[in-house]
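Lettering follows sequence order; numbering is per chain, from 1.
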There are 2 protein chains.
Amino acid sequence: MPAKHKPAPATAEHAPLQLEHFLPYRLSILSNTVSQAIADDYQSRFDLPVTEWRVMAVLGRYAGLSAREVAERTAMDKVAVSRALARLVEAGRVDRAVHDNDKRRSVLSLTDAGWAVHNEVAPMARAREREVLAKLDAEERAWLTRILDKLLANGG
Amino acid sequence: MPAKHKPAPATAEHAPLQLEHFLPYRLSILSNTVSQAIADDYQSRFDLPVTEWRVMAVLGRYAGLSAREVAERTAMDKVAVSRALARLVEAGRVDRAVHDNDKRRSVLSLTDAGWAVHNEVAPMARAREREVLAKLDAEERAWLTRILDKLLANGG
DNA sequence: GCGTTATAGTTTCATTTGAAACCATTTGCA
DNA sequence: TGCAAATGGTTTCAAATGAAACTATAACGC
């Protein structure tokens with residue numbers, strides 16, 4: 001019979017990955033689950049996709065940003081930001097002006113209607129975050145913060 | 001002048017989110033960064049999208065699964081699995097047979113060619129995981145495992 | 001000033017993705 | 001048995017996404 005490839009011994013470098021213990025996989029599951037739970041709260045209710053909410057969130061915090069700056073802050077790419085902004089402006093949730101000294105730049109901010117949405121969605125997002133953190137005790141929460149700070153330092 | 005909506009005091013429940021301190025956002029950035037780094041290693045080199053690698057990874061570990069079982073293990077939806085399998089079978093990396101007692105079911109496993117790819121990619125994935133974990137000390141790594149176990153318990 | 005290069009943002013086009021409809025087979029049960 | 005409901009898997013269609021090309025303005029070098 002022909003030679004069969006088989007999983008090598010479990011300790012070998014090329015042994016099959018145990019996804020259930022593989023950090024990148026576990027992070028991906030956790031991240032998707034949490035983000036989806038939040039999105040489910042507002043998505044259909046406000047006709048607001050995740051990308052648009054992210055843009056609104058940073059504009060809530062930093063009024064007057066340009067589209068490029070929004071892209072930086074949200075870690076979205078500029079095409080995605082451009083599309084989200086088009087819809088948000090159309091929906092009257094974001095105001096777009098032209099920069100005084102640079103006509104290429106937008107100067108973006110939430111409208112009153114945008115703030116109204118923001119002020120409903122933000123607490124929902126916070127509540128979900130609290131739900132997740134409630135699964136941990138105080139010591140674990142402190143370590144989690146510290147660990148994420150380290151892992152996210154200097155770009156991922 | 002018209003009443004202006006403004007960010008409420010920073011402690012208020014509806015205050016703007018600070019994305020940089022918001023857990024779901026931080027998890028998303030970290031997860032995407034890590035997954036992307038791994039994918040960059042093999043994606044173009046083996047013409048192997050992430051979805052297909054995930055399928056190969058579980059088949060490396062559990063030969064004989066059905067498509068539905070692969071979907072469960074990978075946390076992908078069945079359409080994505082179906083498409084990944086179509087390509088993997090076409091590429092000769094996965095073997096698909098029909099289950100003896102249930103003609104609806106596939107019985108899936110890696111081919112020799114599939115194992116060859118697997119045995120190159122798995123070490124690369126492991127190496128990237130090690131790189132990430134190297135940013136932490138032993139104590140932090142232990143806490144991270146414990147925290148993820150808790151957060152992922154009973155579905156996210 | 002004037003041509004070149006860089007930057008902000010949008011549009012186009014091709015690919016990816018997901019939901020729902022679909023087909024085949026099996027299971028549950030009258 | 002035989003028929004309705006459930007299950008495994010694929011296909012179809014519409015929406016989301018990303019890369020590259022494009023427009024407009026600004027900055028740079030001479």
Side-chain angles (χ1 to χ4, degrees), chain A residues 28-29 31-33 35-37 39-40 42-44 46-56 58-59 62 64-91 94-109, chain B residues 28-29 31-33 35-37 39-40 42-44 47-55 58-59 62 64-91 94-109:
Chain A
S28 165
I29 300 287
S31 171
N32 290 341
T33 307
S35 291
Q36 197 51 54
D40 288 347
Y42 61 75
Q43 209 151 222
S44 61
F46 295 98
D47 184 23
L48 185 69
V50 182
T51 50
E52 291 176 34
W53 164 244
R54 283 204 174 167
V55 169
M56 292 189 68
V58 306
L59 290 180
Y62 305 99
L65 293 184
S66 69
R68 203 187 61 75
E69 290 165 328
V70 169
E72 268 176 18
R73 297 253 174 211
T74 54
M76 294 163 59
D77 74 78
K78 66 177 185 168
V79 177
V81 170
S82 171
R83 286 197 264 242
L85 283 171
R87 272 201 31 136
L88 288 168
V89 170
E90 168 69 23
V94 165
D95 180 70
R96 169 157 48 189
V98 173
H99 191 281
D100 277 351
N101 304 327
D102 186 343
K103 288 178 198 156
R104 294 169 306 177
R105 280 194 201 182
S106 307
V107 177
L108 302 161
S109 55
Chain B
S28 167
I29 299 287
S31 172
N32 290 342
T33 308
S35 291
Q36 198 50 54
D40 288 348
Y42 61 74
Q43 211 152 220
S44 61
D47 184 25
L48 185 68
V50 183
T51 51
E52 290 176 34
W53 165 244
R54 284 205 172 164
V55 169
V58 307
L59 290 180
Y62 306 98
L65 293 186
S66 69
R68 202 187 61 76
E69 290 165 328
V70 169
E72 268 176 19
R73 297 254 174 210
T74 54
M76 294 164 58
D77 75 79
K78 65 177 184 167
V79 176
V81 170
S82 172
R83 287 196 263 240
L85 283 171
R87 272 199 31 136
L88 287 168
V89 170
E90 169 69 23
V94 165
D95 179 70
R96 169 156 50 189
V98 173
H99 191 281
D100 277 350
N101 304 327
D102 185 344
K103 289 176 198 158
R104 295 169 306 179
R105 277 191 202 185
S106 307
V107 177
L108 302 161
S109 56

Quick one: list whatever passes side chain to side chain donor-acceptor pair (under 3.5 Å) with B:R104, sequence neighbours left out. B:D102

Can you name the residues that form a side chain to side chain donor-acceptor pair (under 3.5 Å) with B:Q36, not counting sequence neighbours? B:D40

Salt bridge (charged side-chain N to carboxylate O under 4.0 Å, His left out) partners of A:R68, counting only residues at least two apart: A:E72

I'd like to check A:R105 versus A:V98 (side-chain heavy atoms, cut-off strictly below 4.5 Å). Are they in contact? no

Less than 4.5 Å apart, side chain to side chain, heavy atoms only: is that true for A:Q43 and A:L48? no

In whole angstroms, how far is the [atom2] atom of [N] from the [atom1] atom of [X]?
{"X": "A:D47", "N": "D:dA15", "atom1": "CG", "atom2": "C1'", "result": "13 Å"}
{"X": "B:R96", "N": "D:dG8", "atom1": "CZ", "atom2": "P", "result": "15 Å"}
{"X": "A:D40", "N": "C:dA19", "atom1": "CG", "atom2": "P", "result": "11 Å"}
{"X": "A:E52", "N": "D:dT17", "atom1": "CD", "atom2": "C1'", "result": "14 Å"}
{"X": "A:R68", "N": "D:dA24", "atom1": "CZ", "atom2": "P", "result": "22 Å"}
{"X": "B:R105", "N": "D:dT10", "atom1": "CZ", "atom2": "C1'", "result": "17 Å"}

Tell me, which of residues 69-91 of chain B have any heavy atom that sits under 4.0 Å from an atom in DNA chain D? B:K78, B:V79, B:S82, B:R83

Side-chain atoms of residues 73-82 of chain B: list all donor-acceptor pairs with protein atoms under 3.5 Å, sequence neighbours left out, distances to 0.1 Å.
residue, atom, partner, partner atom, Å
B:R73, NH1, B:Y62, OH, 3.4
B:T74, OG1, B:V70, O, 2.7
B:T74, OG1, B:A71, O, 3.3
B:T74, OG1, B:M76, N, 3.3
B:D77, OD1, B:V79, N, 2.8
B:D77, OD1, B:A80, N, 3.3

Polar side-chain atom of B:E69 near backbone of B:S66 as donor-acceptor pair, under 3.5 Å: yes

Restricting to nitrogen or oxygen on both sides, can you table the protein-nucleotides 23-27 of chain C pairs closer than 3.5 Å?
residue, atom, partner, partner atom, Å
C:dT25, O2, B:R104, NH1, 3.3
C:dT26, OP1, B:K103, N, 2.8

For D:dG9, does either OP1 or OP2 sit under 4.0 Å from a side-chain N or O belonging to B:S66? yes

Over all atoms of both residues, closest heavy-atom pair of A:A39 and A:V50: CB-CG2, 3.8 Å

